[in-house]
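Letters A, B, ... are given to chains in the order of the sequence lines, protein chains preceding strands, and every chain is numbered from 1.
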Amino acid sequence: MATTLERVKNITAELLKIDPSIIQKDSRFVEDLGAESIQSIELVAAFDEEFDIEMDEDEALSVKSVGDAVTFIDRYLEG
Amino acid sequence: MSDNKYRALSEEEIAALEDRGCRAGDWSKVHVAAEFDPSRFHGIVFHGKVEIARQSGEILLSDGRKKSCGIYNASLENVAIGENCYIANVHVGISNVNIGTGVAIENVGEIICEGESTFGNGHAIDVLNEGGGREMNICAQSNAQVAYLTIMYRDNQPLIDGLHKISDAFCAQIHSNRATVGQNSRIKNCTKITNVWIGESAVLDGVLSLREGTVASSAEAPTSVGSGVVAEHFIIQKGASVMDGAMVASSLVGEACKVGKQVSLENTVLYANSEAFHSELCSVFGGPYTVTHHRSTLLIAGYFSFYNAGSATNQSNHMYKLGPVHQGILERGCKTGSSAYLLWPARVGAFSAVLGKHHANFDTTNLPFSYISEEGGRSFIIPGMNYFTTGTFRDALKWPARDKRTVSNKLDFIIFDVLSPYTGQKVIRGQEILNDLSERSQKSQTFVSFKGIHMKRLLLKTCSRYYQLILDKYFGDIVIKRMQHKSAGTLADLFTNDSDQFVSHEDQWVDICGLICRKNRLEHFTAAVSSGEIQSYAQIQTALQAIYTTYHEDEWQWFLAQYAHMNGHPLQEESSGNWQAFMERWNTASRKLLKMVLSDAGKEFEGNVKTGFGVDGNQDADFANVRGVFDENSFKQQLEKDMQSADARYEDFMKLLV
């Protein structure tokens, strides 16, 4: 079973159409990975679908990096 | 002016006038007031019947100069001149004109009336559909709502006939072989004014040519027409300004509109507080607050309101087949980004932002507050997203604050609310559409299509949640508004019924060019016009005012009907716990909205936006000095206050539950 980090990396790579190997835990979606604002929304939606969760819209605003996303999702899953 | 106020000139007065370079074909046709001072007249050529009221004292001109009242160097033919005017250096002449009291006319070519005229009123123009079929008779006293019904309701021929009768009756009243210059108007440095009715306190300065038109104006809402303006078959309503080389043909400029900087208007109507500069507008139906400021922008064959056009916005209304027969609708509150292109026919839902070039003929009327973009030549929509942007939030504050109409009886009726039963019903439908698409789509699909536009499948649930947030916010807003309006001390106070009609959750709401109302109410109005019960523009204003004043009560009743429909029981029967949950959802939605808007505003202060700042030095320091610091930004501070205010109102409401 892939870890949350691996699954987040895979989704991010697929959605942003970038090589997964360049994605690090501290990579920031906008500044480092080039996500545009719409893609940020799509990323949240993709995480929702992948992990079967509903990330709160305004809380999702605080997710700036891959690591933030992992922490956020794990907290949701632990619930 | 009645003849008995005037008398013929005496021999001495004629001699005095002739000594001062005046001539007349027939002096007996020159009548003056009892008190007549020949020293105030010089170099006048009189033709036909001329009546001159008493001229005395000084007059203050628009540029601050004072001049002795009188007439100097002018040719006058069949003219009546009111008291205390200043008319000087009219090079060709004034002919067939009634001039009011206190008017100043200086350095003008000619002001004439040729034959009979309705002064632009009743002139039919091809609005919205350039190929015709939606002709509208422009009229000085008609408003945005009349325009909407005339242009849009072509499926109701008795209504169209009724509106045309009202227009015809108005034209019959005002047609004349004499033009008018209203009292206290100022006309200076103008070349040619033919068959133009000019209202009170108007300022015309440097006009090149006005022909067949009305410049409605009043002391409380003076109208300005400025340098280089060329206008033909036009109506300019009170408080408007048409300046700096504007070219206006077969068009109406509404109350407090600003038009200028060489803009071209053809077969176009613009209603209250619209602004058009530099651009080209052709067959445009511009509702209130239609704004275009850029030279490269063409607006054509479209309906817009509360609209902002980005530079180089453009549309196409024909495909080189049967001519320019296509039309487009941007419902209220839309924006188009720089270089946005729309291929008509298309219909964009309310409060949407359109970016990129769109060659699909999409219809997003039931997907309001959307972000519409282009990717790889295809049009994509993110429903609901545009509600949570700084732009929409600021617009909602800005429009009512920028209502520049100073006239006491405003022609156009405007409901400013962003969230209203009109947008609310669309949000409800939009959510149903998204949920349905979500249920029917497969996980393998990247996108789904709806009425000509694509949506990312991944975003269907997200956007449905956006719409739920909007509804939670809106429904709570209505309750809070009701609590405040009723000064409610108990829950029961909210339900005091002020409505005269039953309102169903299925009632359709319409946006009649700024006036949001229940379609049922509008249908009573249109029936009265069709039957001839309403016969004049004055009666139209009275009837529309009655509809306008019912808005808030109808909104409340509509909300109650929606609530009962959605929850299976009336709000009045709701338990205290459910009331609390309802208002908690409102408070949460309000806070989320404000946080999302705050986050959107914060993007103006971070990352790439600093590019180009500190070009040869410190980027952060340069940016801070030019744009300020986000924490000190007034908009941010306002949002934070709004959050506190939402909490306070929530607490106020909770007291009703005790």
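Taking a 6.0 Å sphere around NZ of K641(B), one finds it holds 12 or fewer heavy atoms contributed by other residues, nucleotides or ligands. No more than 12 heavy atoms of other residues, nucleotides or ligands lie within 6.0 Å of NZ in K25(A), so this atom counts as exposed by the packing criterion. Around the CZ atom of R394(B), the shell of radius 6.0 Å holds no more than 12 heavy atoms that belong to other residues, nucleotides or ligands. Counting non-hydrogen atoms of neighbouring residues, nucleotides and ligands closer than 6.0 angstrom, the CD atom of E36(A) reaches no more than 12 such neighbours. Within a 6.0 Å radius of CD in E14(A), other residues, nucleotides and ligands contribute 12 heavy atoms or fewer. Taking a 6.0 Å sphere around CG of D19(A), one finds it holds more than 12 heavy atoms contributed by other residues, nucleotides or ligands.
Within the 4.5 angstrom heavy-atom criterion, no atom of L593(B) approaches chain A. For F388(B), no part sits under 4.5 Å from any heavy atom of chain A, backbone or side chain. For K592(B), the parts lying under 4.5 angstrom from a heavy atom of chain A are both the backbone and the side chain. Contact annotation for L458(B): both backbone and side-chain heavy atoms come within less than 4.5 Å of a heavy atom of chain A.
Between S373(B) and I38(A), the closest heavy-atom pair is OG-CD1, 4.3 Å.
Atom NZ of K461(B) sits about 8.0 Å away from atom CD of E54(A), to the nearest 0.5 Å. Taking NZ from K595(B) and OG from S62(A), the interatomic distance works out to 9.0 Å, rounded to the nearest 0.5 Å.
Side-chain contact check for I41(A) versus Y371(B): every heavy-atom pair is 4.5 Å or farther apart.
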Working for salt bridge (Lys or Arg N to Asp or Glu O under 4.0 Å), residues R457(B) and E42(A) = CA-CA 10 Å; R457(B) 182 195 58 80; E42(A) 287 177 36; over 6 Å; no
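The residue among K603(B), M385(B), K443(B) with the most heavy atom pairs within less than 4.5 Å of chain A is K443(B).
D48(A) has a carboxylate O that lies under 4.0 Å from a charged side-chain N of R465(B), or vice versa, which qualifies the two as a salt bridge.
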